[in-house]
Amino acid sequence: MTRTKVSTVVLDAHDAHQLADFYVRLLGYEVRADEPHWVLVGPTDGDGVSLAFETEPEYVPPVWPTRRPGDQQMMLHLDIEVDDLERETARAVAAGATLADYQPQDDVRVLLDPSGHPFCLWTQTGQ
């Protein structure tokens, strides 16, 4: 079998550049490609999964947690491991994220990026 790997996750947004800027600040990534309606960002060392953002004028943010039939459901979310959950949650909020009202676990913080995509900050708990 030939080698395969996930290289990039693409997220739609009303404004690809605004969302790319947020993730550059949050993750310390760098911009690798920048087009009028599409931006690619990735780790500065080139190792790891990149994120791309595409402007979609009809983008509808997901609802977290989904409560009613017909709500736009979350299709995927990013899990971001951190060493200090409290500090990194505050940093994410300062960068433009919103803390979700519903928090399902003590060792995870669900946040919404500026386009409304849920993402999770989590930390190892020694279990």
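The structure presented is a predicted model; accordingly, all values stated were derived computationally and were not measured. Along the sequence shown, residues carry numbers from 1.
Under the 4.5 Å side-chain criterion, counting only non-hydrogen atoms from C-beta, Leu27 is in contact with Leu51. Inter-residue side-chain proximity for Pro43 and Ser50 is flagged as met; some heavy-atom pair is nearer than 4.5 Å. Side-chain contact check for Asp84 versus Thr123: every heavy-atom pair is 4.5 Å or farther apart.
By the criterion of side-chain heavy atoms lying less than 4.5 angstrom apart, applied directly or through intervening Ile, Leu, Val, Met, Phe, Trp or Tyr residues, Val108 is not grouped with Ile80; the two fall into different hydrophobic clusters. By the rule that hydrophobic residues join a cluster once side-chain heavy atoms approach within less than 4.5 Å of another member, Phe53 and Val31 end up as members of one cluster. Hydrophobic clustering keeps Leu19 apart from Leu40 (ILVMFWY residues linked when any side-chain heavy atoms are closer than 4.5 Å, directly or through intermediates). Neither Val82 nor Val110 shares a network with the other; the hydrophobic side chains, linked directly or stepwise wherever heavy atoms of I, L, V, M, F, W or Y lie under 4.5 Å apart, form separate groups for each. Tracing side-chain contacts under 4.5 Å through hydrophobic residues (I, L, V, M, F, W, Y), one never reaches Leu112 starting from Leu11; they form parts of separate clusters.
Aromatic pair Tyr59/His14: centroids less than 6.0 angstrom apart.
When all heavy atoms are compared, the tightest approach of Thr44 to Gly28 is CG2-O, 3.5 Å. Among all heavy-atom pairs drawn from Ala13 and Ser115, the shortest one is CB-OG, 3.3 Å. Among all heavy-atom pairs drawn from Pro62 and His117, the shortest one is CG-CA, 4.3 Å. When all heavy atoms of Ala92 and Leu111 are compared, the pair lying nearest together is CB-CD2, 4.1 Å. Here the closest non-hydrogen pair linking Leu99 and Val93 is N-CG2, 4.4 Å.
Formation of a donor-acceptor pair under 3.5 Å by the Arg109 side chain with backbone atoms of Cys120 is not found in this model. In terms of modelled atom types and a separation under 3.5 Å, the side chain of Glu56 and the main chain of Glu58 share a donor-acceptor contact. With hydrogens and angles ignored, the 3.5 Å screen pairs a side-chain donor or acceptor of Thr55 with a backbone N or O of Ala16. A donor-acceptor contact shorter than 3.5 Å is absent between the side chain of Arg25 and the backbone of Ala94. Of the possible polar contacts, none joining the Arg32 side chain to the Tyr29 backbone as a donor-acceptor pair under 3.5 Å is found.
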- Task: Quick one: do Arg3 and Lys5 satisfy side-chain contact (heavy atoms from CB on, under 4.5 Å)? Show the steps, please.
- Result: CA-CA 7 Å; Arg3 183 173 93 77; Lys5 70 176 187 172; 3.4 Å; yes

- Could you walk me through whether Glu81 and Gln124 pass side-chain contact (heavy atoms from CB on, under 4.5 Å), step by step? CA-CA 8 Å; Glu81 184 177 3; Gln124 295 279 349; 3.3 Å; yes

- In sequence, state the C-alpha distance, the side-chain angles, and the governing distance for Asp79 and Phe119, and then conclude on side-chain contact (heavy atoms from CB on, under 4.5 Å). CA-CA 6 Å; Asp79 281 347; Phe119 68 95; over 6 Å; no

- Task: Evaluate the side-chain contact (heavy atoms from CB on, under 4.5 Å) criterion for residues Leu85 and Trp122: first the C-alpha distance (whole Å), next the side-chain angles of each, then the deciding distance (0.1 Å), finally the verdict.
- Result: CA-CA 7 Å; Leu85 190 56; Trp122 68 279; 5.6 Å; no

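Of the N and O atoms on the side chains of Asp34 and His17, at least one donor lies less than 3.5 Å from an acceptor on the other residue.
The aromatic rings of Tyr102 and Trp64 sit tilted, their planes meeting at an angle between 30° and 60°.
More than 12 non-hydrogen atoms from other residues, nucleotides or ligands lie less than 6.0 angstrom from CG of Asp45.
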